[in-house]
K.L.:
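Got a structure for you, written out below as structure tokens; questions coming shortly.
Treat the numbers as computed from the prediction; the structure is a model and nothing was measured. The basis for the numbers below is simple: all heavy atoms, side chains too, and nothing from hydrogens, waters or symmetry mates. Count residues from 1 along the sequence.
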Amino acid sequence: MTPFISAEWLPIVFAALMAVSILLYVVLDGFDLGVGLLLPRVAEEADRDRMIAAIGPFWDANETWLVLGVGLLLVAFPAAHGLILTQLYLAVALMLAGLILRGVAFEFRAKAGNVREKRRWDHAFVGGSLLAALSQGWMLGRYILGFAEGPAAYAFAAMAAGGLAIAYAFIGAAWLIWRTEGDLQRRAIAWARQAIWPMGLGILLVSAVTPLVSDRIFERWFAFPELLLLAPLPIATAALLLAIANLLKHMPLPDDALRRLPFWGAVALFALFFAGLAWSFFPFVVPDRLTIWQAASAPESLSIILAGAVFVLPVILAYTVLAWRVFGGKARDLTYY
């Protein structure tokens, strides 16, 4: 089959599709992982049910973006897939175990015969959320340092694991500010206030370390004119953190005004951070080892895969948007009927 896009552009197209899929997964599954992390902060069974109800219609579909992103990595960049999975096989296995545990706990808590049994499944849901969040953060830290070995590299990966878990807790709290009301919403506001500055510190530390990974990345950030072109990224991130923190000080507002802004502000923070990482590592799909062109499948194969991706991606996006429209209001009493 003759490629219907230039062979030089095909890997770029797939890198963009994979990046969008991963970013959407981090944002969408991030808020329901965050809600899982926050569940132990609530003792009342009715509030715990309300938190579960706030993510119930969304969490399963959110994980589809992870499947799509990893699937694109496998079929479009098989050499990179093999190298990355070889380096991260244990973390990936733990992440999958956490996601499976969350799914099982979510369904089985609905069949619990009493509060004590339901609480056990709540603990499993929290454990699965924590395991998935920490595993993803560990993988991020290992990837940023190019899978370097040694105590410092592992300490950085552990820091990234904790930082991502805090970021998930923040976006989860922001989601609850939007989707809940009353006392639970006020608690979510307090959780968001507690998490925003540790999250900001994590962004700062990762951003400071990334240019030190290699001379190439350092040059991309601090050489002229790139320094002037990229200056808006850290400036916008700092301004957004300050704006969200100031808004949270005054929430809840009369008539529940601006309830969506903390969540969309968190989404913007994730996007800015992701853009910085993308700029740092492009065109490498494995840092300083494999470029997207070196790791890509044959152009003929990519053309066939792209035809499928062009069909699948809008379908996933459509039912994600549909779920948000249908279940767009405040979370109500949890029911399984």
K.L.:
Treating R193 as the side-chain partner and A245 as the backbone partner, does any N or O pair qualify as donor plus acceptor under 3.5 Å?
P.N.:
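Checked: no pair found.
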
K.L.:
Would you indicate whether the side-chain heavy atoms of H123 and V126 approach each other to under 4.5 Å?
P.N.:
no

K.L.:
For the hydrophobic clusters of this structure (ILVMFWY residues joined by side-chain heavy atoms under 4.5 Å, transitively), does one cluster hold both L72 and V315?
P.N.:
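Yes; tracing contacts between hydrophobic side chains, which count when under 4.5 Å, links both residues.
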
K.L.:
Do L17 and V286 share a hydrophobic cluster, counting only Ile, Leu, Val, Met, Phe, Trp and Tyr and linking them when any side-chain heavy atoms are less than 4.5 Å apart?
P.N.:
yes

K.L.:
Measure from the side-chain N and O atoms of R259 to the backbone N and O of E181, and report whether any donor-acceptor pair falls under 3.5 Å.
P.N.:
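Here the side-chain-to-backbone pair does not exist.
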
K.L.:
Which value, rounded to the nearest 0.5 Å, describes the distance between M159 atom CE and L201 atom CG?
P.N.:
8.0 Å

K.L.:
So, for M139 and A91, which heavy atoms are closest and what is the spacing to 0.1 Å?
P.N.:
CG-CB, 3.5 Å

K.L.:
Would you mind reporting whether F274 and V26 have side-chain heavy atoms less than 4.5 Å apart?
P.N.:
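When only atoms from C-beta onward are counted, F274 and V26 do not touch, as no gap falls below 4.5 Å.
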
K.L.:
Say you draw a straight line from CD1 of I22 to CG of L73; how long is it, rounded to the nearest 0.5 Å?
P.N.:
7.0 Å

K.L.:
Please walk me through it: do F77 and L290 pass side-chain contact (heavy atoms from CB on, under 4.5 Å)?
P.N.:
CA-CA 10 Å; F77 306 106; L290 283 176; over 6 Å; no

K.L.:
Is there a path of hydrophobic side-chain contacts, each under 4.5 Å between heavy atoms, that joins V92 and I100?
P.N.:
no

K.L.:
Name all pairs fulfilling the salt bridge (charged side-chain N to carboxylate O under 4.0 Å, His left out) condition that reach into residues 155-168, sequence neighbours left out, sorted by first residue then second.
P.N.:
none

K.L.:
On a heavy-atom basis, which atom in P78 and which in A295 lie closest, and how many Å separate them?
P.N.:
CD-O, 3.5 Å

K.L.:
State, to 0.1 Å, how close A266 and I171 come at their nearest heavy-atom pair, and which atoms those are.
P.N.:
CB-CG1, 3.8 Å

K.L.:
A quick test of your reading: do over 12 heavy atoms of other residues, nucleotides or ligands sit less than 6.0 Å from CG of D255?
P.N.:
no

K.L.:
If you define the side chain from C-beta out and look only at heavy atoms, does anything of D32 sit under 4.5 Å from F58?
P.N.:
no

K.L.:
Report the relative orientation of the aromatic rings in W121 and F108; use parallel for angles under 30°, tilted for 30 to 60°, perpendicular for over 60°.
P.N.:
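Ring orientation, 0 to 90° scale: tilted.
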
K.L.:
Is the centre of the W175 ring less than 6.0 Å from the centre of the W191 ring?
P.N.:
no

K.L.:
Is it true that K118 and D122 make a salt bridge, defined as a side-chain N closer than 4.0 Å to a carboxylate O?
P.N.:
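Not counted as a salt bridge, because no side-chain N and carboxylate O are separated by less than 4.0 Å.
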
K.L.:
Please confirm whether the backbone N or O of E8 pairs with a side-chain atom of W293, one donor and one acceptor, at under 3.5 Å?
P.N.:
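The answer is yes, because a donor-acceptor pair under 3.5 Å joins these two groups.
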
K.L.:
Decide, yes or no, whether a salt bridge links R109 with D49 under the criterion of side-chain N to carboxylate O below 4.0 Å.
P.N.:
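Result for this pair is yes, salt bridge flagged.
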
K.L.:
Donor-acceptor check, side chain of R48 to backbone of L39, threshold 3.5 angstrom: yes or no?
P.N.:
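Present.
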
K.L.:
Would you name the heavy atoms of L241 and I196 that are closest together and state the gap between them?
P.N.:
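Smallest heavy-atom distance, with atoms named: O-CD1, 3.6 Å.
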
K.L.:
For I144 and F281, run side-chain contact (heavy atoms from CB on, under 4.5 Å): C-alpha distance rounded to whole Å, both residues' side-chain angles, the deciding distance at 0.1 Å, then the answer.
P.N.:
CA-CA 9 Å; I144 287 174; F281 292 106; 4.2 Å; yes

K.L.:
Do V206 and L164 belong together in a cluster built from hydrophobic side chains that touch within less than 4.5 Å?
P.N.:
yes

K.L.:
Can you confirm whether V209 sits close enough to L145 that some side-chain heavy atom of one is under 4.5 Å from a side-chain heavy atom of the other?
P.N.:
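They are in contact (side-chain heavy atoms under 4.5 Å apart), so the answer is yes.
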
K.L.:
Within the 4.5 Å heavy-atom criterion, are F263 and I177 side-chain neighbours or not?
P.N.:
no

K.L.:
Considering only heavy atoms from C-beta outward, does the side chain of V75 approach that of S297 to under 4.5 Å?
P.N.:
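No, too far: nothing below the 4.5 Å cut-off.
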
K.L.:
If you measure only the distance, is there a donor-acceptor pair under 3.5 Å linking the side chains of Y319 and T64?
P.N.:
yes

K.L.:
Any side-chain heavy-atom pair from M95 and L66 closer than 4.5 angstrom?
P.N.:
yes

K.L.:
Between W264 and W324, what is the ring plane arrangement, given parallel below 30°, perpendicular above 60°, and tilted in between?
P.N.:
tilted

K.L.:
Take the angle between the ring planes of F218 and F222 and call it parallel below 30°, perpendicular above 60°, tilted in between.
P.N.:
tilted

K.L.:
Kindly say whether R102 contributes a backbone atom to a donor-acceptor pair with the side chain of S129 at under 3.5 angstrom?
P.N.:
no

K.L.:
I'd like to know if the side chain of N62 and the backbone of L28 have a donor-acceptor N/O pair within less than 3.5 Å.
P.N.:
yes

K.L.:
Looking at E45 and R50, is any side-chain nitrogen of the basic one under 4.0 Å from a carboxylate oxygen of the acidic one?
P.N.:
no

K.L.:
Over all heavy atoms of both residues, which pair between Y143 and V285 is shortest? Give the atoms and the distance, please.
P.N.:
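Closest pair (atom of Y143, atom of V285, distance): OH-O, 2.7 Å.
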
K.L.:
With hydrophobic residues grouped by side-chain heavy-atom distances under 4.5 Å, do L23 and L233 end up in a single group?
P.N.:
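Cluster IDs for L23 and L233 match.
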
K.L.:
Please name the pair of heavy atoms, one in L37 and one in L130, separated by the smallest distance, quoted to 0.1 Å.
P.N.:
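Heavy-atom minimum between the residues: CD2-CA, 3.4 Å.
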
K.L.:
From L131 CG over to L134 CG, what is the distance, rounded to the nearest 0.5 angstrom?
P.N.:
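If I round to the nearest 0.5 Å, the distance is 7.0 Å.
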
K.L.:
Is the closest side-chain heavy-atom distance between Y154 and W138 below 4.5 Å?
P.N.:
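The answer is yes; the side chains approach within 4.5 Å.
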
